[in-house]
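Model, not experiment: these values are computed from the prediction. In what follows, residues are counted from 1 in the order of the sequence shown.
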Amino acid sequence: MINENLKAIISKMDLSEYMSRFEELLSRPKPLFMQGDSKIHFENIKELSRHDYEPPQKSVSLDDALMRLGKQAVLHISEINEFAKILRYFLYLKTLNFESRLGEWLLKIELEQNMHDLAQSFDKEGEFKDSVDVRFAELKQAFAMKKQQIDAELKRIIYSKSITPYLVDTQVHYVNSQEALLVRGGFNHVLKGVVVSRSASGYFYVTPTAIDKLKKEQSELIDRREEIVYEHCKRLSGVMSKVLPFLKFINSAFDQFDAYQARVAMAKRYDFNFLLNDNSHDIILKEFAHPALKNPKRVSIDFSKKVLLITGVNAGGKSMLLKSIISATFLSKYLLPFGVNPNGSKIGTFKEFDAIIEDPQNVKNDISTFAGRMLQFSKIFTKKSLLIGVDEIELGTDFEEAASLYSVIIEKLIAQDVKMIITTHHKRLAMLLSKNNEVELVAALYDEVAQRPKFEFLKGTIGKSYAFETAQRYGIPMTLVAKAKELYGEDKENLNEIITKTLNLESELKDKLESASKKELKLENLLNEVKEQKEREQKRIEQTISRLELEYFKAINEAKKAVNLKDTKDKQRAINKAHEQKSSIKKPQSVKFEELKVGDNVKYGNVKGIVQAIAKDEATVISEGIKLRLPLSGLRKNGNPVQAPKPAVKLAIDRPRSASLNLDLHGLRADEAIDKLDKFISDSLVMGFDEVIVYHGIGTGRLAWAVKNFLKAHPSVKEFFDAPPSQGGFGAKIVRF
């Protein structure tokens, strides 16, 4: 139930497969947009994510049934059962301990007794339970008895001596839902019955008269049951008509919860996160991965300005970055989960999305590429709060003229609050717009050593297209590339060289800034540790001084008391007591510096390092690459040597020269098949595949059993399951890593 405009955006943004997976998780189709407050929906979804629950069964739309109930119609049993399924599901949800708004919402949904009864009136097959009407049990028993009579009569006929010469076999055949015997010609004088069909060999399928009579009696029982079913459908439809407003509400509430659970299931299945739109027009993404990409290189982007102009290398991911930004914003608007780090990410609110990506020229509309682009841009001037992406903006005309024209158009759109993501292979437009404060420049980077795009982006600069390098990498002869460079011109090539050097310098500067930031953080942590250690030492000294002052004060007071005493013995005792107090005072020992030498591993509180130099009462210590001057009094030898960082282990893995997403094991022995499957999985992992298919066939089941056990035990296999019928069914396995 997605409208055509949304379908167009979904297709352009390569989200069709994502939406198909999401729709499979819904109980029944519904619009993407959820009516009501997005913040409340977001809170409910987050609450639901914290619980385990059973998803609802597949259901159908009940809008038509509700409309007919309003006209006092009698619903079919299948329609009433659909309402019963919804009621039962809400009774189940109310048994779960949901909290916050979701718990409050479910608590307010109360079912009256007649709705309880309706919910419990059906069995798993969607038929009325026997407890609804005793006649159902009676009819079921009578039907079973007729079946027994039919079976007994057929056995009697089959094993009678008179019919034996005419029987082709002793099986009971079902032809057009009728039990029949397969007999040869001439049976008429020994068997009375109705010929219901002829076999390919010219024999006759005959239903004996006695069986035909019993079958008619069975049909009468079925008709009687249908009459009783209709009675109850009529009765229940009358009850439901009286509570029609409640049924409309519970039907709508079911759609709302279904929308929640499908989103939560999508997030859990693919390890996605949710982002709630704020009221800004900013787009800040941290470690975002487009859902259509397999083993993607995650990107982070800060798009707070009105225009993001992406330039640089061909096939370097410019178009995918454009699609990624719009996709993330689109998914966030509809509270759909996707791969992103929610910490530090934020997405604003936009009323509309659009993308000018494909070439509008075709035979039907009889319009040129550039004219089509102009027609698309003319429609944008009437819109506000729009997020739009334009891929290869100069497509269809001279890029010099296009740059001048589009720079004016873009400035006009900036003024009317349109947010744009633009990709271009040319530098002219970027140079014209670079002075505008609302334009953010981003360059796709190129690895000149490996001679391939990095699929990384550098903010604040103009990129080079690397057209000559790309052409050469894909097999264009060097002589032709050299001739093209000559025609291109030395001045322009020099400009490209300057751009390349600028990109490399900025990239290098970025790396150095990151390294400096890490060192700054380390230094700050070390200084804080040293400061805290010094504060602890100072506090210890102050506490010692306070203790000594108090203890000496007490001893002096005892001595003073002795002066005022008249009795000599009392004076002596008081003086002795004062002397004892003085002698018992624990005096701090003079600090003995631990003997240290250059190269010793030491620690100062929690700070660990290596002694580089010693001077008087201080030592220079290297800790995590930072020099610190620390007092010798606080340094102690560290029994655990400070480990120098180990060099990174480098593994060289040869990528398979050829790889396939399919493996056919038909005709192999189990041990041969497992060896081949093991290598196939290893090659698939090296190639970066995340899903493959293995064909093992059905046969005796031995090979299928061996494949299944191997996949269960393989540490890299996340899941596997039988392929759909169109891809081999039970004879194949879909394997995911």
Side-chain angles (χ1 to χ4, degrees), residues 1-26 31-34 262-263 266-267 270 272-277 281-303 307-310 315-341 345-360 372-373 376-377 379-380 383 385-393 395 413 418-424 442 444 455 457:
M1 294 177 63
I2 300 175
N3 64 44
E4 293 304 317
N5 289 336
L6 286 183
K7 283 183 180 178
I9 287 293
I10 288 168
S11 176
K12 290 178 181 178
M13 296 302 107
D14 298 330
L15 290 173
S16 299
E17 184 180 348
Y18 173 97
M19 293 310 304
S20 296
R21 295 200 302 263
F22 171 70
E23 288 172 350
E24 288 174 2
L25 298 171
L26 290 167
L32 271 182
F33 183 73
M34 292 186 289
R263 285 164 169 80
M266 191 78 174
Y270 299 102
F272 288 162
N273 291 301
F274 293 94
L275 275 185
L276 179 65
N277 294 128
H281 277 181
D282 297 338
I283 302 173
I284 301 173
L285 299 175
K286 302 292 183 183
E287 300 172 22
F288 173 78
H290 192 288
L293 296 177
K294 296 181 179 180
N295 300 320
K297 191 169 202 176
R298 291 180 175 264
V299 297
S300 298
I301 195 76
D302 185 339
F303 182 18
V307 176
L308 186 70
L309 190 61
I310 310 167
K318 298 193 299 297
S319 298
M320 186 48 70
L321 179 60
L322 179 153
K323 292 179 180 181
S324 294
I325 294 171
I326 298 179
S327 295
T329 312
F330 175 85
L331 294 172
S332 178
K333 178 182 176 69
Y334 293 102
L335 283 176
L336 292 165
F338 52 95
V340 70
N341 184 348
S345 297
K346 63 175 291 191
I347 295 179
T349 302
F350 300 90
K351 291 181 180 178
E352 293 184 70
F353 304 91
D354 202 354
I356 302 174
I357 294 177
E358 73 283 351
D359 186 347
R373 285 277 169 115
Q376 289 171 310
F377 267 94
K379 296 175 182 178
I380 302 174
K383 297 180 180 180
S385 189
L386 169 71
L387 175 64
I388 184 170
V390 186
D391 196 28
E392 297 186 31
I393 193 167
L395 189 68
L413 293 173
V418 171
K419 200 170 177 84
M420 303 184 71
I421 307 143
I422 299 167
T423 72
T424 178
V442 171
F455 300 102
F457 303 90

Open item on the list: Just verifying a value: how many Å separate Leu15 CG and Lys323 NZ, rounded to the nearest 0.5 Å?
Closed with: 9.5 Å
Task: Rounded distance (nearest 0.5 Å) linking atom CD1 of Ile356 with atom CD of Glu392 - done: 13.0 Å
Open item on the list: Nearest 0.5 Å, please: how far is CE in Met420 from CD1 in Ile380?
Closed with: 5.5 Å
- [ ] Using side-chain hydrogen bond (donor to acceptor under 3.5 Å, both in side chains) as the criterion, list what pairs up with Tyr334, not counting sequence neighbours.
- [x] none
TODO: Check whether any side-chain heavy atom of Ile388 sits under 4.5 Å from a side-chain heavy atom of Phe350, and report yes or no.
DONE: no
Open item on the list: Using the ring centroid of each side chain, check whether Phe330 and Phe353 are separated by less than 6.0 Å.
Closed with: yes
Task: Any donor-acceptor N or O pair under 3.5 Å, side chains Ser324, His290 - done: no
Task: Ring centres under 6.0 angstrom apart (Tyr18, Phe338) - done: no
Task: Side chains of Ser385 and Glu352 in contact at under 4.5 Å (non-hydrogen atoms) - done: no
Task: From Ile284, Ile325, Leu285, Leu387, residue fulfilling side chain to side chain contact (heavy atoms under 4.5 Å, CB included) relative to Ile347 - done: Leu285
Open item on the list: Any carboxylate oxygen within less than 4.0 angstrom of a Lys/Arg side-chain nitrogen, looking at Arg21 and Glu24?
Closed with: no
Task: Candidates Leu309, Leu308, Asp391, Ile357 - the one meeting side chain to side chain contact (heavy atoms under 4.5 Å, CB included) with Thr423 - done: Asp391
